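Below is one structure, written out as structure tokens; comments come after it.
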Amino acid sequence: MASKFTVHAFGVKHYEDSQPLVDILKVIEKDILERRNRSIKGAPVRVEHIEYDAANKIWYLDFIKIRDTHGPAKGSKTKAVEGFNFVGDETFCEETALIYIPRTNHMLIQYNHYGVKYSVIEDYFSQYVDAVNNIYELTPKYDADVERQFEDRKFIKKLEMAIDPRHLTKEDRTKGTAVFDAMDIGDKSQAVHLAISVTASRTKKGQLHPYVDRTVETLRRLHLLKPKAVSKIKASVVSVDDKVIILDLIAHRLTMSLGDIKPGKDKRWPRADRYRGLFRVMTGWKKILK
Amino acid sequence: MTNLFWEKIHPYAVALCCALLWYWCAPEFPKDDEILSASLSVGAILIGFLATAKSLLMTLDTPVLKRLSDAGYIKDIASYMGEGIYLLFVFCAWTMLGYFMDTSWPWFGLSWFTLLIASTFAFLRVTRIMLKLFAKKSS
């Protein structure tokens, strides 16, 4: 069974003194392929293809992550497996396409388990131009259904949360924490990890004080700012029809999977099809990505 | 003033204060060449140390370095190392110049002392960070 083409949505945030991301994309577009190579988190990464769609005012990008470890072989049920014939320094490359929408500052990224992840994309753009101190951050968007169910709740019955109150982020640097002090932040030996569970009484009408609602809002805002600082927000809410629903307010990411994108003869998803898939998802999310 | 800003400028700020002190006290620069050769040796050793530290940093893969890298601090560490190396280079070059010129010229001593202080504090800044990195290797 062919795997599905999955897309995740992210909001793009850049810190005050950073250049607009579009400026970086224009620099990348002008650079030749070899000059786009960067080593991010120890892996060679580059933007393989970049294109501005003037009609829809969006950017299409295709990232590759060069796999410098072993890879798969080719074969079939009737034919013995054999390796690929690579020439020179060629090796396997993992492709990850994305769409950037400058108007709303959103990015739709193809999910590739072995490809570049959003944190690598953040670093790639942040480090692309050496001379300027750019910092970009991608924040995941959440499932609209979960949002709606949470908004329509009658009250919260139970709330579970896990917080790491001192996780080092780019914000610490922006605020001016020195390198010497930054090394202590998030240190295992000094880490404080709080896991809290607040439950209402077992009676049918037992509910948590509305103050908890504000706690949820604060935690969600904190999670958007520092995703690693809040690792869990799970709420058991009572819906308008008196049903108890458990909502994971972090895990339910805005995701869409397409099953009709077929691999080509070379068993890769063609770039044009991946771009088309991303565009379809973007069209479907038009109301959400405002 | 943030801690990061102070961390970035303190070698220069301290050097400036020491330069003013030197200017005010106006001490005489030693006449013989021994201080110049000793300064050159120390400068060269420290440049060697920083170059080694730079290579070590490139091969280090520790959780604390990953956290620093994710938070955008790796550029600062690289720039501290670069500043340390360049300041020591300029210090050595200025010291070498002392063999060919009259070291009793007041501005020679003043510049030499300013560079000495700036490069020392730039070197100490990298040393402190590297030592802390090694101490926190596994955390």
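In this text the structure is predicted, and so the values were computed from the model without any measurement. Convention: sequence-line order gives letters A, B, ...; per-chain numbering from 1.
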Is the count of non-hydrogen atoms from other residues, nucleotides or ligands lying under 6.0 Å from [X] atom [atom1] greater than 12?
X        : atom1 : answer
B/Phe29  : CZ    : yes
A/Glu90  : CD    : yes
A/Lys117 : NZ    : yes

Between [X] and [Y], which heavy-atom pair has the shortest distance, and what is it?
X        : Y        : value
B/Val64  : A/Met183 : CG2-O, 3.8 Å
A/Ala182 : B/Leu68  : CB-CD2, 3.9 Å
A/Val179 : B/Leu4   : N-CD1, 4.1 Å
B/Lys75  : A/Ser126 : NZ-O, 3.6 Å

- Which of residues 76-106 of chain B get closer than 4.5 angstrom to chain A, counting heavy atoms alone?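 Residues B/Asp76, B/Ile77, B/Tyr80 are the ones that qualify, each having a heavy atom under 4.5 Å from chain A.
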- Query: Just by modelled atom types, is the A/Phe180 backbone N or O under 3.5 Å from a matching donor or acceptor in the B/Lys132 side chain?
  - Reply: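 Answer holds: yes.
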- Without swapping roles, check the side chain of A/Arg173 against the backbone of B/Ala71 for a donor-acceptor pair under 3.5 Å.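 Flag not set: sc A/Arg173 to bb B/Ala71 has no pair under 3.5 Å.
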- Looking at CD of B/Glu7 and CG of A/Asp181, how far apart are the two atoms once the value is rounded to the nearest 0.5 Å?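 With rounding to 0.5 Å, CD (B/Glu7) is 7.0 Å from CG (A/Asp181).
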- Item | Spacing of OH belonging to B/Tyr73 relative to OG1 belonging to A/Thr177, to within rounding of 0.5 Å |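 Reported value, rounded in 0.5 Å steps: 4.0 Å.
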